[in-house]
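Read the structure below first, then the notes.
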Amino acid sequence: MVTEDALRMLKPKTQPQRFQAAKDFLYGLTGYQFVRHAQEMKHEAESLFFIATMGDLVGIPVLPPIHALRLLPYFAPEIARWKRQLARSREFWEKEEYDLHGV
Amino acid sequence: MNALIAVVLGAVTVYLTYTRYARRIDRNVIQSDPKRATPATLYMDGVDFMPTNRNILFGYHFKSIAAAGPIVGAIVAATLWGWLPAMIWLIGGVAFMGWVSDYSAIVMSVRNEGHSLSAVAHRLISPRTRTILFLFIFFYLLLVAGAFVGIMATVMESQPRTHLGMILLVVMGLLLGQMLYRWHVGLIPATVITVGITLIAIMTGHASEGFFSSINEAFNALTGGTPLVTYFDPTLANFKGAEAKIMPSLLFWAVAISLFCYAGSVLPIWRMAQPVVYVGFWITALAMLLGLSGAAIGTITKPEVAQFQIPMFKGWSPEMGPAGVMPLWPMLFVTIACGAISGWHALFGSVGTARQIENEADMLPVGAGSMLAEFLLGMLALLAISVGSKGSPVAAFANGLGGFISVWGFPLDYAVSLAFAAFIVIVLVVTQLLFRVMRVTLTEWLGDMIPPLRNQHFASFVSIALAILLVMTGTWIYLWQLFGAANQLMAALSLLLVTIWLVSVGKNWVYAGIPMILMYVTTVASVLVTAYNLYFNVYLPNLAAGRMIPTVGSGLMVLVAILLVFAAVFIGIDGFRAFFKYLGKPAPSASRAAAKG
């Protein structure tokens, strides 16, 4: 590990890499918050859709519509993330009021 | 002394602290391991837990912690004790305590599955500590909000040149939200339009001064020039004490600011709070960037704007007349908070930033790096007040910063307008966020016992009403110091938690433990001094004169001060018990494993 670190430090940085760090920093200062919030809004909308279609997976008594099975392959990669997100929320319908959005 | 030497001193402090001390602690004590999984990678949900590039996170964290604290604190401290003690505390504070607090809070959260400070307190100390911490945080936020609304209303009433810029800031913030989230305009064109228009409005603010002065006069004419409230303020007239008057125009601006904060608190965050903060960020960043570079080169090209004007040292306990006692220890150490050490950073870092750390090697550049950048902001504020000696502390700051900006060829009037706006903007945008946090904290704390507090409108109203009551006491400097003490006490409590955690996992705790003891003793002493000043110099004189509003307001401040001391003592006792419990016997294996990751 030490050797890897040392090698990385010794390796001369090229100009584009240096500019990349500055660009990332500027992005963190400015646009990143909007991207994060857009993701939050997307996940919120997705979460409601998941509940309406796959609510039985988390114990909400909804009758899965006929389309649910056809949507399952698209849902599958997101299910674990969705469950973790739900487990941490107070109530899925009052997110906006109680979420500080990283404030 | 001139500005260039101070800028060099600041840069050297940052370099030495980071390379000679912080890195060593990171390597030898914390032993950050880039191969160890962080909560962001373990629990990624795309919302709270999200692995993020270190440079992006550095920018994000810095923007989140950089608020009005380093600016206002430096202004007040330099006015009270001179520039030298303020500079020594800024340098010493950040080098031995500030970065320790910010960095360690992030480390502790990362090694404890992304848990917040209160959750770690609940696990390592006791459930009672978590509840007390909640109460503490609410009153802490109340003090910040009161201090910020107070200073904003005063500056806006006395500086009509700032009004046009502030109104346009809000309008442009709303427009930006609409453009980004509804019209899907790109960030760059939306920024150019909204920030550009706001900047023009701010820099031409002096042209609209006459119009807004006439509005203030019209409001004051409603009562025939009679003040709404009169009270005795011992901090006025250069601490000789004087009768202060709350005119209708001041109340108008306080109510206008409150309405803005209310909207920021209850509207969806994308609609108002977030875009207004973004536009405000550009205004402040631009002023600070132009100011800092202007301070450095102004020493050579325009020496008259870069020479220190205020006294170097005004004494260990300057004569305050009826304002009571203001000893350098402990009061300096709470008057300057954020540029040296701050509890807010630890609170935010443990929840907002720690959950986005992609790699343990990023904890140091993000946590310590952002704090050191914040220190530079504090240094700039100190420079600005030190060179601009004209007018009230805020006016002196604006004149000083305006002088630095004018080095770049801007007419002085325009530069001073920008400097004034930079100050108000940073306070304004932080205040609306504070009320949002206060509302949520109030609901979490008392919502079950008092169901109406679960309503966001009612909770916001209660929070704003309490803050306005504090503002009405008029003794703004005490309010600021009480806030500073609460903020520093928060930092001490976070360091206490870090110390206990370090002991519980068998690591060397000294680097966090010594700053914790120093800050704990200092801040508790400062709260007691402020409570003494408030009781004898504000509460009793106003009570004797039968003035209800300032009596209730100052009484509330004394009560809050006592509550803070009690909360700190309880947490301290529980914390020290936990410390000695873990000193001989590390934490249970399950928690230890979790803590160690």
Side-chain angles (χ1 to χ4, degrees), chain A residues 1-9 13 16-47 50 77-103, chain B residues 33-35 43-50 52-64 66 176-177 180-181 187-188 190-191 266-270 273-275 277-278 281-282 285 348 351-353 355-356 361 366 430 432-434 436-437 439-441 443-444 447 454-456 459:
Chain A
M1 184 194 78
V2 176
T3 323
E4 278 174 21
D5 280 352
L7 283 174
R8 201 169 54 213
M9 285 172 75
K13 281 185 179 170
Q17 273 179 316
R18 278 189 195 144
F19 287 131
Q20 191 56 44
K23 272 170 73 177
D24 286 346
F25 173 67
L26 197 63
Y27 169 63
L29 272 176
T30 56
Y32 180 57
Q33 55 178 329
F34 296 113
V35 172
R36 258 177 76 83
H37 191 60
Q39 280 172 340
E40 274 180 37
M41 289 164 88
K42 174 176 168 274
H43 286 142
E44 215 173 315
E46 275 179 4
S47 183
F50 280 15
E78 294 293 315
I79 287 174
R81 177 195 63 74
W82 172 55
K83 280 186 174 176
R84 277 201 297 269
Q85 193 187 329
L86 274 190
R88 268 198 307 276
S89 340
R90 261 172 71 104
E91 308 288 0
F92 68 83
W93 61 86
E94 57 182 23
K95 186 174 185 333
E96 179 60 38
E97 281 185 28
Y98 292 96
D99 196 336
L100 293 172
H101 308 276
V103 168
Chain B
D33 178 0
K35 288 182 179 161
Y43 310 120
M44 186 175 89
D45 63 4
V47 182
D48 292 324
F49 291 81
M50 185 72 184
T52 306
N53 172 289
R54 76 163 74 174
N55 297 316
I56 296 175
L57 204 52
F58 176 42
Y60 175 72
H61 185 68
F62 172 64
K63 189 190 70 65
S64 308
L176 181 74
L180 290 179
Y181 289 102
L187 183 61
I188 294 174
T191 304
V266 298
L267 284 175
I269 200 134
W270 67 266
Q274 191 187 48
V277 170
Y278 177 78
F281 155 77
W282 275 108
F348 180 82
V351 181
T353 307
R355 293 175 181 177
Q356 296 177 69
V366 172
V430 169
Q432 59 158 356
L433 293 178
L434 280 174
R436 203 176 176 92
V437 186
R439 161 174 70 77
V440 176
T441 312
T443 306
E444 293 281 352
R454 287 189 208 154
N455 180 295
Q456 59 167 341

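Here the structure is a predicted model, which is why all the values come from computation and not from measurement.
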For K42(A), enumerate each residue passing the side-chain hydrogen bond (donor to acceptor under 3.5 Å, both in side chains) test, keeping only those at least two apart in sequence or located in another chain. E46(A)

Sequence-distant partners of Y181(B), side-chain hydrogen bond (donor to acceptor under 3.5 Å, both in side chains), two or more places apart: Q274(B)

Distance, nearest 0.5 Å, that separates [atom1] of [X] from [atom2] of [Y]:
X	Y	atom1	atom2	answer
I269(B)	M41(A)	CD1	CE	11.0 Å
N53(B)	Q20(A)	CG	CD	8.0 Å
Y60(B)	Y27(A)	OH	OH	11.5 Å

So what's closer than 4.5 Å to chain A heavy atoms on F281(B): side chain, backbone, both or neither? side chain

Apply side chain to side chain contact (heavy atoms under 4.5 Å, CB included) to the pair W270(B) and F34(A), showing each step before the final yes or no. CA-CA 8 Å; W270(B) 67 266; F34(A) 296 113; over 6 Å; no

For the candidates T30(A), D24(A), L26(A), which exhibits the highest count of non-hydrogen atom pairs separated by less than 4.5 Å from chain B? D24(A)

Are any of the side-chain heavy atoms of Y32(A) and T52(B) separated by less than 4.5 Å? yes

Shortest non-hydrogen separation from K63(B) to L29(A) and the atoms involved: CD-O, 2.9 Å

